[in-house]
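First the proteins, then the strands, lettered A, B, ... as listed; each starts at 1. The shown structure was predicted, so the numbers you read here are calculated from the model rather than taken from an experiment.
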Amino acid sequence: MITYLDHIDDLASEVPDGALLALPPEYSFVPMALVRAIIRRGVKDLHVLTVPINGLAADMLIGAGCVRKIECAAVSLGEAGLAPRFSAAVEAGTVEVLDSTCPAVHTALQATEKGVPFMPLGGLIGSDILNNRDDWKVVDDPLEQGNGRIVLIPAIQPDVAIIHSPLADRDGNVWIGRRRELATIAHASKTLLVTAERIQDESLLESEATAAGTLPGFYVSAVAPAVHGAKPLGLVEVYPPDTDEIISYAREARTEEGFHAYLQRNVFTAREAAE
Amino acid sequence: MITYLDHIDDLASEVPDGALLALPPEYSFVPMALVRAIIRRGVKDLHVLTVPINGLAADMLIGAGCVRKIECAAVSLGEAGLAPRFSAAVEAGTVEVLDSTCPAVHTALQATEKGVPFMPLGGLIGSDILNNRDDWKVVDDPLEQGNGRIVLIPAIQPDVAIIHSPLADRDGNVWIGRRRELATIAHASKTLLVTAERIQDESLLESEATAAGTLPGFYVSAVAPAVHGAKPLGLVEVYPPDTDEIISYAREARTEEGFHAYLQRNVFTAREAAE
Amino acid sequence: MTYSKDEFLITAIARLLETDDVRHVAVGAASPVPGAAALLVRKLKGGTPRVSLIHGKATNPFTDGGREIFDAAGQGRIDVFFLGGVQIDGEANLNLVGTGEYPKVDKRFPGSFGSAYMYFTVPKVILFRPEHSRRVFVPKVDFISAPGVSDPDVHRPGGPKFMVTELCIMAFDTECRRFRLQSVTPGRTVEEVLDNTGFEIDVPENVPETPVPEEDRLALLRSSVGVEIGDTYPAFARDVLGVAA
Amino acid sequence: MTYSKDEFLITAIARLLETDDVRHVAVGAASPVPGAAALLVRKLKGGTPRVSLIHGKATNPFTDGGREIFDAAGQGRIDVFFLGGVQIDGEANLNLVGTGEYPKVDKRFPGSFGSAYMYFTVPKVILFRPEHSRRVFVPKVDFISAPGVSDPDVHRPGGPKFMVTELCIMAFDTECRRFRLQSVTPGRTVEEVLDNTGFEIDVPENVPETPVPEEDRLALLRSSVGVEIGDTYPAFARDVLGVAA
């Protein structure tokens, strides 16, 4: 059954060294408070999968030395510019990067969701992404119907996925709204850790209106409260992104020293809002 | 753009003879008023795809002589028993039946949704369903990772899909709630015809709460109002199924004469609630 | 305490669900007896296993459309499922399609539903077919909706484990591809089972009786569990368990 | 009427979107100029084409998660998409990953996003890269995120049709695998284009000027269309179009 934890630091302890960790995209319920807790814990050798892209969370985990390998369609701070620690680590060769493309990440998780070892995807042929992926396979039209060559993307099963939500309930049900990539991530992952702005007693499955945007609890491993748990990123209809804070991160993190000063101030010294 | 029609009979005229017609499952927003309109129109030679099962709608279409071929995981009236016109037509050989299994129907539509010619699915091997499907193909583990043989299900693209909804808006957005097979059906079909209990001016995409259960209008071809459009089946949280009516159908439709008397009374003579 | 045939079957199935490997029981359409058994065990064990009735309301946790239960099974998240059949043979092949020569069968039934997939993916499939007759339990099914066993090169984490009928409970041995009689309904005999089974089964020297319903479980069925199953099957709760909606 | 460089680019792109085959324009993240162009055309044509800004609010119609835009493209439901690149070469290959030798590149950029798929599936891809320099327009990209052309045995309903830069508009000829100069920005020259392009292009005898922004369109941009794009890009609407949120 689902574990309810009092503090995100307890959730962070469910992320073992070396885990294949799935991160939701920048616009989709990123659990930044939990990411900071993971950094505080000093997790090592993560294999991060961005679904399909990410920014601040991946950049901070890489800068903090938690990441050995990252599979991504892109890592970017969006309007705030390049992800500085990601770029620096790739240029220095201190993190291994497995380049992908957005629909290929979705496809790999859909395959796991469906319980099949692979799923086909169009496009890709002729791209150096494909040429650098020994795990992807080009096959001749297996139905022999003149459809041409196609790429098979092997299933990926994350060890741990982490998401933040505006609202969970006491049965472990979690509101994800129209961010349905979170459902796919949840279905495909062995362990799903959830932080929530608020945990209510009434079941989200009670009415069809809320059920429509709810991830059922049987995919959820553990839940902890985290008020403002996505900040400085935004949480749709709850709070907007703190653009100034993200821009100031982008500036400070350009150097390793600046990044560590940022970490010291915002991750190691600061107390999370939920505390 | 989306056409708004005043009457379901106008929607029914969008279903050409010989169309591959997708029907949603019994518990999921079946547009029975539109099905009756299709029967009134005397459409011929339909290839019906039940997604993945169906009951009353498929049985009535078969009984009325609209169907040449049916692909289905099951046709059943549920607690009201066997689907009498379906069983009679299969036994008489007057309708061609292409037996499938629930996840294979979903898989075929997912393939079209994804724009790929096929999708793999586990199970099936050793089943006479597979043995009677020349279109399905068993391949040896294409990744050569010891996963064993697997079945490839070719994509199916319905010409027309029909659904009923409690609520649509003036941008063609349609509430589907947690009946997300309707999203897959919509994504996979060339034409989507929608009937709705109610059509509101306010956009369903205005708030995240309603957007979560909304099919966006760009998949929708035409909408017409249909009060009580799912009856005698139920529409969750709007009205329950009329069990007595379904049982009485099951009884009357046991004979061809009884079925035609039922049709005369309930389809040709009766006026729909919306009129 | 007296009990009905359905109450007997519910408690018989419930005993098969009490092991620790059963964390999530899913129940398909029109299956009030297995559904009540699962809800009974959940009540007895204080919340474990999870029980998902796919056509239930409060008990239906699925929010990703019709494919979710199959996806969840493929992910290994469903431990128990129930299947039946118009015909079942000694290798546990199931026929849900029809009798006679396919496709223009003599008698057509609804179809295979999800059996050709769930039978492969759910580790503990319980076959539930109250009618125990040679009409149902045939030497060889006319159409295999879902095969009981598979070749080693087919990925198959799931399959049949038990069969529950009005006469007995059998266990299925995948290795030997045979059913073995496990217990017989009180008042019925091993001979009766053999007479009404159209295929060979293994019969151990001593075949115990299937236990009669425990009084505390009957009491739960007729009260709180009855209310729960009534959410999905009101007529069943009323007529079989005496619990009004 | 005076106009800004961004306003010029918006109207230049808008003219490429006015044909009848354009029923649905999708615009990716951080693309205010193409977004404004699409919204402008929608306004001019009274509601056609549909415009989907994937990170917009009222203008984001997607409700099936991150894969929906790619699925929709695969279904043929998206007619126009915009792509750019750190480097672009004469065969319209795009590099969004980095410069130097992969994987330990000299300068790493975010990554390929969905380019390796959208470039294959969307019939009319418009390459939008304001900076027109030999740094961007190279003889051969260091990394092909998405190839400009494909072999005949690869299913490819989509691909590059136009490229819009600060200096010019080029059309791409898939058959010849070459760009052809179509028009030059007023005040710039063909020589300037050639000097700043690191690959060969076809230059017709007469190269017209790209039209300056039409006054009625500028007026729309600075009023109702500005408000619409401000829903997704408030800073852009304010700073470029002078429309407060």
Quick check: are there more than 12 heavy atoms from other residues, nucleotides or ligands sitting under 6.0 Å from [atom1] of [X]?
X	atom1	result
Lys104(C)	NZ	no
Asp6(A)	CG	no
Asp21(C)	CG	yes

With rounding to the nearest 0.5 angstrom, report the [atom1] to [atom2] distance, [X] to [Y].
X	Y	atom1	atom2	answer
Asp71(C)	Glu113(A)	CG	CD	5.0 Å
Phe218(A)	Arg23(C)	CZ	CZ	12.0 Å
Arg77(C)	His187(A)	CZ	NE2	7.5 Å

(request) Under 4.5 Å, counting heavy-atom pairs only, tell me which of Glu206(A), Arg180(A), Glu208(A) racks up the most with chain C. (result) Arg180(A)

So [Y] and [X], do their side chains get closer than 4.5 Å, heavy atoms only?
X	Y	answer
Phe70(C)	Lys114(A)	no
Glu68(C)	Pro216(A)	yes
Thr63(C)	Leu205(A)	yes

(request) May I ask you to name which of Gly74(C), Gly76(C), Pro61(C), Ser52(C) has the most heavy-atom pairs under 4.5 Å with chain A? (result) Pro61(C)

(request) Examine whether an atom of Asp171(A) lies under 4.5 Å from a heavy atom of chain C, and if so say whether it belongs to the side chain, the backbone or both; otherwise answer neither. (result) backbone

(request) Heavy-atom distances under 4.5 Å only: say whether Ser189(A) touches chain C with side chain, backbone, both or neither. (result) backbone

(message) Report which part of His24(C) has an atom under 4.5 Å of a heavy atom belonging to chain A: side chain, backbone, both, or neither.
(response) side chain

(request) Side chain from CB out, backbone as N, CA, C, O: work out which of these in Phe120(C) comes under 4.5 Å of a heavy atom of chain A, or both, or neither. (result) neither

